[in-house]
Amino acid sequence: MDEYTLQIDGSEKKVPPGTSFLTLTQSLKTKDGVIAVSVNGQPKDLSTEIKEDAEVKLLTFALPEGREIYRHSSTHLMAQAVKELFPSAKMTIGPALEDGFYYDFDFERSFLPADLEKIEERMREIIKRDLPINRMELSREEAIQIFKDRGEPYKVELIEGVESLPISVYRQGEFVDLCRGPHLPSTGAIGEVRLLKTSGAYWRGDEKNNRLQRIYGTSFPDRAQLDAHLKNIEEIQKRDHRKLGKELDLFSISDEIGAGLVLWHPKGAIIRKTIEDFWRDEHLKAGYEIVFTPHIAHLGLWKQSGHLDFYKENMFAPMEVDGIPYEIKPMNCPFHIMIYKSRLRSYRDLPFRWAELGSVYRYERSGVLHGLLRVRGFTQDDAHLFCQPSQIESEILKVLDFTTFVLGTFGFSDYQIYLSTRPEKYVGTLERWEMATAALSGALKQKGLAYEVDPGEGVFYGPKIDIKIKDALGRLWQCTTIQVDFNLPERFDIRYWGEDGKDHQPIMIHRALFGSMERFFGMLIEHYGGAFPTWIAPVQAKIILMTNDQEAYGCKVKSALEEIGIRCELDARKETLGAKIRDGQLTKVPYMLIIGKREMADGTLSVRNRSGESTTMALSDFIEQIRTEVLYRKTEIHKQ
């Protein structure tokens, strides 16, 4: 063949046989550095020779695929530095993360901060060496021999488990690692690196296996991007919900009670009550009915639902009651189905919209537990809709409207939406899958909501919509999920009497807006940095007396505020005014109402907000202001 035809970003390019993608990209003179290429949807090294007509996408650091390759090459860079400095360290795995990377090592001791400094410096040296990164494809036997000779047992174990051949490894200088690739052309293509921290891990995530040392790092093309990222990390650490939860006395997790089980303190509990009251009130307005279900059920229920087959590793061990095995619930859905089955249903009854703040319990490995974000006991804001096939799209439209309203009320208006379609293994008919998928996509289009399709990422029982919300720091959090289910209605053989006089199977829609109260609360803490909107704040106003002479007027102000439902505290301690104001700032109370001799005489308040701005107001004016603010649930994010 004389030439190959490539489609690159909408334009056509002819290249002769034997041309590499590196040569091609150099000829294109692009502004951004090209890291690798995607050829017909498959990422490839730039050193790859062009052997066919193809659709080509140029991958740069600005693209998620490019950043993943850049960070993965950075893991190899770090591993090479570790092996040069600590030859006895055994390599395991080192994946790229969304904003960095890590590598796990089996080493005889913990890596110290001084070790990280040495490793980071050695990484910079290796960057300066500008070592070519070359791909080699080997037989299983050749690959195993290479890593046996190098004393890398974990790599040998991984190779023995690899099904596809040949085995690919990458070499940079004397360093060799097992990897699918692709990678950067050379170590010199990496700009700035920074190692961040260490932690413990287990081989293959199993506590029964060897304990490993994990080193986290990040990398960027230039110093400005690295500095901006490090500044963002500082802000994330400042907003860490575990740190703020302790400082603001919101919640705790006690080893004496058990890992992953949350204690809600009074201030955290009043926030939760406020959220739950809003949640229930708005669900009733939106045509939902509230239900309550038990925390345990016969083990047979979980067999029938399929959870015992598909979800057993996330369920706690059964208990016996009167010789009958019971299971603590990991899900609410089978209970809602049993409510449906409690009587005959007609097409005239549908749709049913049943909502529950249902506490569930799931076994999570101790290594993945993380404050409120990953726990073993949590409350789902669950709802299940039972409808006719013809009602799916209209119900999804209502759910989307409800979702944007609820999340918007808490200050979230920036989303990324994903539509996950039929996987290879699925239940139900192809016709029903197509109908449900069309209903989900049709509803999203009607609402004008931009979304990405995740091909084959639906659950086995139906397609779904996932909504990730973006917080004040630009981080994405998985929140709302809307799932169509063909499986459970069939397993439990639920029916309704149709207009045609025949039995029909309803469609079931699973829906959670927050995901769980615990996780959503953790997100709220970090989104607002603990400075909650006034309508959510545990203490909405703090009355500060300059002296005890103003106590009677302070009590009057407190009573007036409490009468309209405002949560307030009176600070009559014998402390300086500065100390009282500082305490108010530390607890992030929205308003401090300072009362001195003049305010008492005039019947006014010196109102200081969280931003430090002060103004004098009549008590009646402040009452109207805060009442309106709480009533309309304003969600401004105050500067910290």
Side-chain angles (χ1 to χ4, degrees), residues 279 282-291 293 305-306 331-356 358 380-406 417 419-422 426-447 449 458-467 480-513:
W279 187 92
E282 295 303 328
H283 274 76
L284 292 172
K285 289 179 191 174
Y288 287 77
E289 296 173 294
I290 305 297
V291 298
T293 60
S305 69
M331 304 279 188
N332 298 303
C333 15
F335 294 90
H336 294 191
I337 285 180
M338 297 312 292
I339 294 174
Y340 185 97
K341 287 195 73 169
S342 65
R343 51 170 290 189
L344 293 173
R345 308 292 179 178
S346 163
Y347 72 94
R348 294 188 180 90
D349 301 326
L350 301 179
F352 289 112
R353 305 182 192 102
W354 291 334
E356 177 182 14
Q380 283 186 310
D381 69 313
D382 225 347
H384 293 95
L385 288 66
F386 298 87
C387 62
Q388 300 178 59
S390 62
Q391 295 171 325
I392 294 178
E393 186 166 333
S394 63
E395 287 304 302
I396 297 298
L397 283 168
K398 291 184 179 75
V399 171
L400 290 172
D401 280 341
F402 195 39
T403 299
T404 53
F405 162 67
V406 170
I417 302 175
L419 173 60
S420 300
T421 58
R422 177 169 49 86
Y426 63 93
V427 298
T429 64
L430 191 60
E431 180 185 7
R432 279 205 160 184
W433 271 89
E434 289 174 349
M435 172 197 64
T437 304
L440 294 177
S441 62
L444 288 168
K445 288 172 184 173
Q446 278 196 57
K447 289 294 155 193
L449 296 169
V459 284
F460 72 93
Y461 53 75
K464 64 174 181 168
I465 293 171
D466 287 319
I467 299 178
T480 301
T481 184
I482 306 164
Q483 301 176 347
V484 179
D485 188 350
F486 312 123
N487 179 51
L488 287 180
E490 187 174 320
R491 277 181 173 269
F492 285 90
D493 193 29
I494 59 174
R495 301 283 174 175
Y496 66 89
W497 191 254
E499 194 172 4
D500 58 3
K502 297 179 182 178
D503 273 353
H504 297 271
Q505 197 167 85
I507 300 294
M508 183 177 182
I509 300 172
H510 303 253
R511 188 239 65 191
L513 302 181

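Hydrogens, waters and symmetry mates play no part in the numbers below; they use all other heavy atoms, side chains included.
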K.L.:
Using the test ring pair (Phe, Tyr, Trp, His ring centres under 6.0 Å), find all partners of Phe492 that sit at least two apart in sequence or belong to another chain.
P.N.:
none
K.L.:
Distance-only, no hydrogens or angles: does the Asp349 side chain make a donor-acceptor pair with backbone N or O of Ser346 under 3.5 Å?
P.N.:
yes
K.L.:
Are Met331 and Ser305 packed together at the side-chain level, in the sense that at least one heavy-atom pair is separated by less than 4.5 angstrom?
P.N.:
no
K.L.:
Could you tell me which residues satisfy side-chain hydrogen bond (donor to acceptor under 3.5 Å, both in side chains) with Arg491, sequence neighbours excluded, listed by chain and number?
P.N.:
Asn487
K.L.:
For Glu356, what residues pass the salt bridge (charged side-chain N to carboxylate O under 4.0 Å, His left out) criterion, not counting sequence neighbours?
P.N.:
Lys329
K.L.:
Side chains of His510 and Thr481: does their closest heavy-atom pair fall under 4.5 Å?
P.N.:
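Not in contact.
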K.L.:
Side-chain contact, heavy-atom cut-off 4.5 Å: Ile290 with Trp279?
P.N.:
yes
K.L.:
Please identify each residue that fulfils ring pair (Phe, Tyr, Trp, His ring centres under 6.0 Å) with Phe460, with sequence neighbours left out.
P.N.:
Phe310
K.L.:
Holding to side-chain hydrogen bond (donor to acceptor under 3.5 Å, both in side chains), I want the full list of residues that pass it with Lys285, two or more places apart in sequence or in another chain.
P.N.:
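Result, side-chain hydrogen bond (donor to acceptor under 3.5 Å, both in side chains) vs Lys285: Glu282.
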K.L.:
Given ring-ring contact (aromatic ring centres under 6.0 Å, His included), test Phe402 with Tyr288 step by step and report yes or no.
P.N.:
CA-CA 11 Å; Phe402 195 39; Tyr288 287 77; 5.7 Å; yes
K.L.:
Quick one: does Val406's side chain get under 4.5 Å of Thr480's, heavy atoms only?
P.N.:
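Side-chain contact under 4.5 Å: no.
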K.L.:
Could you list the donor-acceptor pairs under 3.5 angstrom formed between side-chain atoms of residues 432-441 and any protein atom two or more places apart in sequence or on another chain?
P.N.:
unit_1 : atom_1 : unit_2 : atom_2 : d
Arg432 : NH2    : Gln505 : O      : 3.3
Trp433 : NE1    : Val427 : O      : 2.7
Thr437 : OG1    : Trp433 : O      : 2.8
Ser441 : OG     : Thr437 : O      : 3.1
Ser441 : OG     : Ala438 : O      : 3.2

K.L.:
Who are the ring pair (Phe, Tyr, Trp, His ring centres under 6.0 Å) partners of Phe386, not counting sequence neighbours?
P.N.:
Tyr340, Trp354
K.L.:
By the salt bridge (charged side-chain N to carboxylate O under 4.0 Å, His left out) test, which pairs, at least two apart or in different chains, include something from residues 336-345?
P.N.:
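Salt bridge (charged side-chain N to carboxylate O under 4.0 Å, His left out) check on residues 336-345 returns no pairs.
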K.L.:
Of all residues at least two apart in sequence or in a different chain, which pass the ring pair (Phe, Tyr, Trp, His ring centres under 6.0 Å) check with His336?
P.N.:
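By the ring pair (Phe, Tyr, Trp, His ring centres under 6.0 Å) rule, His336 matches His384.
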K.L.:
If the condition is side-chain hydrogen bond (donor to acceptor under 3.5 Å, both in side chains), which residues does Lys445 pass it with, not counting sequence neighbours?
P.N.:
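Here no residue qualifies.
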K.L.:
Just so I know, are the side chains of Ile337 and Met508 near enough to count as touching, which here means a heavy-atom distance under 4.5 Å?
P.N.:
yes
K.L.:
I want to check something: taking the side chain as every heavy atom from C-beta on, are Ile507 and Pro389 in contact at a cut-off of under 4.5 Å?
P.N.:
yes
K.L.:
Can you tell me which residue pairs pass the side-chain hydrogen bond (donor to acceptor under 3.5 Å, both in side chains) test with a partner in residues 386-397, sequence neighbours excluded?
P.N.:
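The answer is Arg353-Glu395, Glu393-Gln446.
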K.L.:
Using the side-chain hydrogen bond (donor to acceptor under 3.5 Å, both in side chains) criterion, which residues pair with Tyr496? Sequence neighbours excluded.
P.N.:
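With neighbours one apart ignored, the set is empty.
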